[in-house]
Participant: 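The structure is given below, and queries will be raised subsequently.
Letters A, B, ... are given to chains in the order of the sequence lines, protein chains preceding strands, and every chain is numbered from 1.
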Amino acid sequence: AQKVTQAQTEISVVEKEDVTLDCVYETRDTTYYLFWYKQPPSGELVFLIRRNSFDEQNEISGRYSWNFQKSTSSFNFTITASQVVDSAVYFCALSEGSSSASKIIFGSGTRLSIRP
Amino acid sequence: DAGVIQSPRHEVTEMGQEVTLRCKPISGHDYLFWYRQTMMRGLELLIYFNNNVPIDDSGMPEDRFSAKMPNASFSTLKIQPSEPRDSAVYFCASSFAGMTNEKLFFGSGTQLSVL
């Protein structure tokens, strides 16, 4: 059965600090997809990134970067030089199988607070 | 494109009443998902459809919950009778399996309060 664990319930840092959000997943499939979503205080869920299980290259998008390590079943998310606007709940998610549009399971989320 | 449209945005009802939540997916999307979000349980997948057919409803909490997708542009989630513990934000999301960079597109959610 698929499972996503985000052990950090809440994180609070001061603006401009770097912060890493952890995500550990469990799956029996060799083909799967991992996602990160952001939920700002307004409540909508915003897609950030999708990775498939065959692509372990780390990815950087501006201040955001993702570290995918199959050996530890982890897909961690780092925000560099955090800003107040990064304050949100961040969800890691997993989809098994060859289509990432199949069942997508979310972790419990990490609430990130960036203090000015 | 208008995105995934959910209605109503807010619903307040009394225990025992029937509640119907509505969702219009993005045109052309062939998957539709219903999620429930609570503080205690986070984001739970309730049910999802592919080409209007329910694929997995194992997350539906009990018989009081039912979901339908009569056509590609409309889905409903019904709770009858409603109970206070059903209070949550209900999200609808859609996606298209044929896209090379597919992802879930979420609606704005329906905030349900059962008194």
Side-chain angles (χ1 to χ4, degrees), chain A residues 1-10 21 23-25 27 29 31-55 57 59 61 66 75 88-111, chain B residues 2-6 8-10 23 25-26 28-60 72 88-112:
Chain A
Q2 57 190 116
K3 184 179 178 182
V4 177
T5 301
Q6 295 180 255
Q8 304 153 307
T9 306
E10 291 190 40
L21 310 181
C23 173
V24 175
Y25 62 92
T27 177
D29 279 15
T31 301
Y32 54 90
Y33 295 80
L34 295 163
F35 305 80
W36 276 94
Y37 281 81
K38 174 182 180 180
Q39 187 176 39
S42 53
E44 75 274 21
L45 282 146
V46 179
F47 168 85
L48 295 178
I49 190 172
R50 165 190 178 268
R51 304 295 281 177
N52 72 55
S53 52
F54 299 107
D55 182 2
Q57 274 193 323
E59 181 155 339
S61 176
W66 290 269
F75 186 43
V89 181
Y90 290 86
F91 293 94
C92 181
L94 166 69
S95 172
E96 294 177 327
S98 58
S99 168
S100 68
S102 55
K103 187 173 179 175
I104 299 177
I105 300 300
F106 286 78
S108 55
T110 297
R111 182 176 298 277
Chain B
V4 176
I5 300 173
Q6 289 187 248
R9 288 297 306 274
H10 302 276
C23 176
I26 293 173
H29 281 191
D30 52 357
Y31 280 83
L32 185 139
F33 303 77
W34 282 101
Y35 285 88
R36 177 173 69 175
Q37 185 177 28
T38 60
M39 288 292 293
M40 292 298 294
R41 302 174 71 90
L43 264 169
E44 302 173 272
L45 176 64
L46 300 178
I47 185 171
Y48 76 98
F49 297 83
N50 177 219
N51 293 321
N52 314 337
V53 176
I55 303 300
D56 186 341
D57 65 354
S58 59
M60 295 285 263
V89 179
Y90 291 81
F91 287 100
C92 176
S94 70
S95 67
F96 175 45
M99 291 171 59
T100 55
N101 188 27
E102 55 198 296
K103 61 188 182 185
L104 287 180
F105 293 80
F106 281 84
S108 299
T110 294
Q111 173 80 57
L112 173 64

Participant: In Å, rounded to the nearest 0.5 Å, how long is the span from OG of A:Ser108 to CD of B:Glu44?
Facilitator: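 Between A:Ser108 OG and B:Glu44 CD, I get 12.0 Å after rounding to 0.5 Å.
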
Participant: Just wondering, do A:Gln39 and B:Phe106 contact through their side chains at under 4.5 Å, heavy atoms?
Facilitator: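 Side chain of B:Phe106 against side chain of A:Gln39, heavy atoms only: no contact under 4.5 Å found.
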
Participant: Relative to chain A, which segment of B:Thr38 carries a heavy atom at a distance below 4.5 Å: side chain, backbone, both, or neither?
Facilitator: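 Neither the backbone nor the side chain of B:Thr38 comes within 4.5 Å of chain A.
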
Participant: Measuring only between side-chain heavy atoms, which start at C-beta, is B:Gln37 closer than 4.5 Å to A:Phe106?
Facilitator: no

Participant: Would you call B:Leu104 and A:Leu45 a side-chain contact if the rule is heavy atoms closer than 4.5 Å?
Facilitator: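 No. Closest side-chain heavy atoms not under 4.5 Å.
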
Participant: Under the ring-ring contact (aromatic ring centres under 6.0 Å, His included) test, which residues partner A:Tyr90, sequence neighbours left out?
Facilitator: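 With sequence neighbours excluded, A:Tyr90 shows a ring-ring contact (aromatic ring centres under 6.0 Å, His included) to A:Phe77, given in chain and number order.
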
Participant: Over all heavy atoms of both residues, which pair between A:Ile104 and B:Leu45 is shortest? Give the atoms and the distance, please.
Facilitator: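 Shortest heavy-atom separation between A:Ile104 and B:Leu45 comes out as O-CD2, 4.2 Å.
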
